[in-house]
Amino acid sequence: MNLDTGKPFEDGEHILYVNGEYRGDSDIGKLMHDFSCTDADDMNFELMAERTRYLKENPEGVSEMCKIIEDMRKEERKEERIEIAKSMLFDGILSLEKIAEYARLPIDEVKKLRAGQIG
């Protein structure tokens, strides 16, 4: 909801904005506290504390978290390579093959970028 106009965004999303600095006795205040905790023993909500302990203290959980972070880094690097390829396509100086080589993307992906099928 746009608070200025009072109208919904109508984008199909349900996003809640919360002041992350808020601390209070309400559930939201306690949740904001838990989000900033680094020690599970200091958390208010046991479910979140259990998950935090698993991801930070259990070797299996630590491994899972490392994989998630590595996957995020790979995705971020790929997005960066896509942006580079888009810039090269925009300049129109290089062949699709050279763009694919320099951006380290499959040629089919570069062709889709040129055709506007990818972001």
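For the atom pair M88 CE and S95 OG, the distance stands at 10.0 Å (nearest 0.5 Å). To the nearest 0.5 angstrom, L96 atom CG is 11.5 Å from L105 atom CG. D42 CG to H33 NE2: the interatomic distance, rounded to the nearest 0.5 Å, is 6.0 Å.
Residues forming a side chain to side chain contact (heavy atoms under 4.5 Å, CB included) with I93 (at least two apart in sequence, or on another chain): D91. By the side chain to side chain contact (heavy atoms under 4.5 Å, CB included) test, D71 pairs with K67, sequence neighbours left out.
With hydrophobic clusters built from ILVMFWY side chains whose heavy atoms lie under 4.5 angstrom apart, I68 does not share a cluster with F35.
Closest approach of L113 to I82, counting heavy atoms only: CD2-CG2, 3.7 Å. Between L89 and I99, the shortest heavy-atom distance links the atoms CD2-CD1, 3.7 Å. Between K30 and N44, the shortest heavy-atom distance links the atoms O-ND2, 3.3 Å. Nearest heavy atom pair, residue A100 against residue P106, reads CB-C, 4.3 Å.
For E60, the CD atom sits in a loose shell: 12 or fewer heavy atoms of surrounding residues, nucleotides or ligands are nearer than 6.0 Å.
Ion pairing between D39 and K56 fails under the 4.0 Å rule for side-chain N and carboxylate O.
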For residues 17-24, which side-chain donor-acceptor pairs fall under 3.5 Å, sequence neighbours excluded?
residue	atom	partner	partner atom	Å
N19	OD1	E21	N	2.8
R23	NH1	G20	O	2.7
R23	NH1	E21	O	3.4
R23	NH2	S36	OG	3.0

Please tabulate, for the side chains in residues 4-16, all donor-acceptor contacts under 3.5 angstrom to protein atoms that are two or more places apart in sequence or on a different chain.
residue	atom	partner	partner atom	Å
T5	OG1	K7	N	3.2
D11	OD1	E13	N	3.0

Using atom types as modelled, flag every donor-acceptor pair under 3.5 Å from a side chain in residues 73-80 to any protein atom, sequence neighbours excluded.
residue	atom	partner	partner atom	Å
R77	NH2	E70	OE2	3.2
K78	NZ	E109	OE2	3.4

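For the pair L94/Y102, a side-chain contact is recorded, criterion being any heavy-atom separation below 4.5 Å from C-beta on.
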*Take N58 and R53, measure what side chain to side chain contact (heavy atoms under 4.5 Å, CB included) needs, and give me the verdict at the end.*
CA-CA 7 Å; N58 180 307; R53 279 189 202 94; over 6 Å; no

*For M48 and L31, run side chain to side chain contact (heavy atoms under 4.5 Å, CB included): C-alpha distance rounded to whole Å, both residues' side-chain angles, the deciding distance at 0.1 Å, then the answer.*
CA-CA 9 Å; M48 186 177 286; L31 185 62; 3.6 Å; yes

*For salt bridge (Lys or Arg N to Asp or Glu O under 4.0 Å), just list the numbers for E64 and R51, CA-CA rounded to whole Å, side-chain angles, deciding distance to a tenth of an Å, and then say yes or no.*
CA-CA 12 Å; E64 182 180 325; R51 187 69 176 156; 3.1 Å; yes

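Although no hydrogens or angles enter the test, the distance criterion places a donor-acceptor pair under 3.5 Å between the side chain of D34 and the main chain of F45.
With side-chain heavy atoms closer than 4.5 Å counting as contact, directly or through intermediates, the hydrophobic cluster containing M65 also holds Y54, L55, I69.
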